[in-house]
Amino acid sequence: MKLGGHLGGMLSSASGRAEGTARASDRSARGSSSVRELDALLIWSALGLLLLGLVMVYSASIAIAEGSRFTGYQPYYFVMRHALFMCVGIFGGLIAFQFPMASWQRAAPGLFVAGVLLLILVLVPGVGREVNGAQRWLSLGPINLQPSELMKIFAALYAADYTVRKLDAMSSFKRGFLPMTAVIILVGGLLLREPDFGAFVVITTITFGVLFLGGVNGRVFALLAVVAVIGFILLILSSPYRLERVLGFMDPWKDAFGKGYQLSHALIAFGRGEWFGVGLGASVEKLFYLPEAHTDFLLAVIAEELGFVGIMAVVLMFAVLVQRAFVIGREAIKLERYFVGLVAQGIGLWIGVQSFINMGVNMGLLPTKGLTLPLMSFGGSGIVANCVGIAILLRCDWEVRQLKRGVAT
């Protein structure tokens, strides 16, 4: 009896261990399967833009870096820093992916307040760093932090959280729309003091775009659109700096060596590229003719070196990324995960609007603004913020797929 009991216990224990191992293996298989199920089109389009951006930043910056005392005449100065920021961004994205969207929702108001405080801090004399007449950066030793880039993520998160909390009041101007408008006016005022008109446009679009997708009253939104257009016109007319940019954009050839210098050289780069470009590394405009060739006007260098085919490849990757963001958002909303859905679509709006504006500026369709090409242009804060934004978007996708499989997240 004792022996039988002992054998029975051993068999029971072995069976328990086997079942435990099977359950662990099953959980591991489900985990690896869920990772494999992440949106491949979203991942590859984002990686494609990052890697192409790395190559083109090197190509666009090598002459400037080699001929500048600031860089120590090091040809690899900008590309090495860009690669470092990419690594930091990817590492930050891996960390951001680990947090459930419920945690991001709880943190959204606090992150937004932190963003506002950073925007205030950057305007404090002696604290904020001024470059080319704009005070947009906080100096953190060897690197500079640009709070407006982080604010784009915080705005998407906060607008989604606000919309979910006020879902029943979205049809009310006073209870649903007006409080958010007051907050954005505050943020806009801080951004215009820097000045950073481009970031103001993007953050405003993200915020009110999320409100619209969340069900804000259509008539109220139409009224906002009219007021926004009037407001933008008044902002342009009230600032000689912004007015000069608009006039230069309307006819760059009228003052090709003055107000229209940057745009005229960008257009020359597009013209030289033709269908297939002059070849990687063979751009002439990047040789001290085109200012900001590795930042705001990277697309012009791509057009010159890779031609129409290269530009269409970039446009296609951005189009796929934005389309996948809205599909993920729609699927989340179908599952009644409204915060997840609105965050996904907010990130899609951010990437889509900013890339559209940058492309429009490079092609002479929009007035010149200080906006980089997401995931591609040189800029530490921008690349890190973009990578974290994509990681949060992937987290939205992962949670949606888990819900569809009946797994709680």
With a 4.0 Å cut-off, would you call Arg136 and Glu130 a salt bridge?
no
Looking only at heavy atoms, the pair that brings Ala300 and Leu290 closest together is CB-CD2, 3.8 Å
Heavy-atom check, side chain of Met359 versus side chain of Leu365, under 4.5 Å:
no
Check whether any side-chain heavy atom of Ile311 lies under 4.5 Å from a side-chain heavy atom of Phe270, and answer yes or no.
yes
Where is the tightest heavy-atom contact between Ser377 and Val57, given as atom of each residue plus distance?
C-CG2, 4.2 Å
Hey, mind stepping through His82 and Phe78 against ring pair (Phe, Tyr, Trp, His ring centres under 6.0 Å) and telling me if it holds?
CA-CA 6 Å; His82 188 73; Phe78 289 109; over 10 Å; no
More than 12 heavy atoms from other groups under 6.0 Å of CZ on Phe97:
yes
Verify, without hydrogens or angle tests, whether Glu285 (side chain) and Ile268 (backbone) share a donor-acceptor contact under 3.5 angstrom.
no
If you take all heavy atoms of Gln135 and Val122, which pair is closest and at what distance?
NE2-O, 3.0 Å
side-chain contact (heavy atoms from CB on, under 4.5 Å) between Phe308 and Glu274: does it pass, once the steps are laid out?
CA-CA 6 Å; Phe308 178 78; Glu274 298 186 352; over 6 Å; no
Whether over 12 other heavy atoms sit under 6.0 Å from Phe288 CZ
yes
Lys/Arg N to Asp/Glu carboxylate O, Glu331 vs Arg401, below 4.0 Å
no
Heavy atoms of other groups near Tyr261 OH, more than 12 under 6.0 Å:
yes
Taking salt bridge (Lys or Arg N to Asp or Glu O under 4.0 Å) as the test, write out the residues that go with Arg165, two or more places apart.
Asp161
Leu298 versus Met376, closest heavy-atom pair with distance
CD2-O, 3.6 Å
Measuring only between side-chain heavy atoms, which start at C-beta, is Arg395 closer than 4.5 Å to Pro100?
yes
Counting heavy atoms not belonging to Gln98, are there more than 12 under 6.0 Å from its CD?
yes
side-chain contact (heavy atoms from CB on, under 4.5 Å) evaluation trace for Val327 with Arg324:
CA-CA 5 Å; Val327 168; Arg324 297 315 302 164; 3.9 Å; yes
For a 4.5 angstrom cut-off between non-hydrogen side-chain atoms, does Phe326 reach Leu349?
yes
Distance col, row Leu321:CG vs Ser355:OG, nearest 0.5 angstrom, shows 8.5 Å
Minimum side-chain heavy-atom gap Leu42-Ile328 below 4.5 Å:
yes
When rounded to the nearest 0.5 Å, the distance separating OG of Ser283 from CE of Met56 is 8.0 Å
Side chains of Leu299 and Met363: does their closest heavy-atom pair fall under 4.5 Å?
yes
To check you understand the geometry: which heavy-atom pair defines the closest contact between Ala65 and Tyr77, and what is its length?
CB-CB, 4.2 Å
Carefully, step by step, assess Met317 and Leu52 under the rule side-chain contact (heavy atoms from CB on, under 4.5 Å).
CA-CA 11 Å; Met317 283 188 282; Leu52 180 59; 4.1 Å; yes
Within 6.0 angstrom of Phe356 CZ, more than 12 heavy atoms from elsewhere
no
Looking at Asp296, is its backbone amide N or carbonyl O close enough to the side chain of Asn362 to form a donor-acceptor pair, meaning the two atoms are under 3.5 Å apart?
yes
Quick one: pull up CD in Gln354 and CD1 in Ile203 and give me the separation to the nearest 0.5 Å.
9.5 Å
Just by distance, do the side chain of Lys152 and the backbone of Gly382 share a donor-acceptor pair under 3.5 Å?
no
Verify, without hydrogens or angle tests, whether Ser264 (side chain) and Gly260 (backbone) share a donor-acceptor contact under 3.5 angstrom.
yes
When the ring centroid of Phe154 is compared with that of Phe112, is the distance short of 6.0 Å?
no
Rounded distance [0.5 Å steps], CG in Leu371 versus CG in Asp196:
7.0 Å
Using modelled atom types only, decide if a donor and an acceptor are shared between the side chain of Gln262 and the backbone of Pro291 within a distance under 3.5 Å.
yes
Audit row: Ser59, Glu305, side chain to side chain donor-acceptor pair (under 3.5 Å) steps and yes/no
CA-CA 9 Å; Ser59 178; Glu305 295 190 349; 2.8 Å; yes
About how many Å separate CD1 of Ile153 and CD1 of Ile347, when rounded to the nearest 0.5 Å?
7.5 Å
With heavy-atom distances below 4.5 Å as the criterion, would you say the side chains of Leu119 and Leu191 are in contact?
yes
Does the side chain of Asn386 come within less than 4.5 Å of Leu49's, by heavy atoms?
no
Please step through side-chain contact (heavy atoms from CB on, under 4.5 Å) for the pair Val301 and His294, ending with a clear verdict.
CA-CA 8 Å; Val301 178; His294 59 300; over 6 Å; no
Find the distance between CG (Leu54) and CG (Leu375) and round it off to the nearest 0.5 Å.
12.5 Å
Please give me the minimum heavy-atom distance between Ile392 and Ala96, naming the atom from each residue.
CG1-CB, 4.4 Å
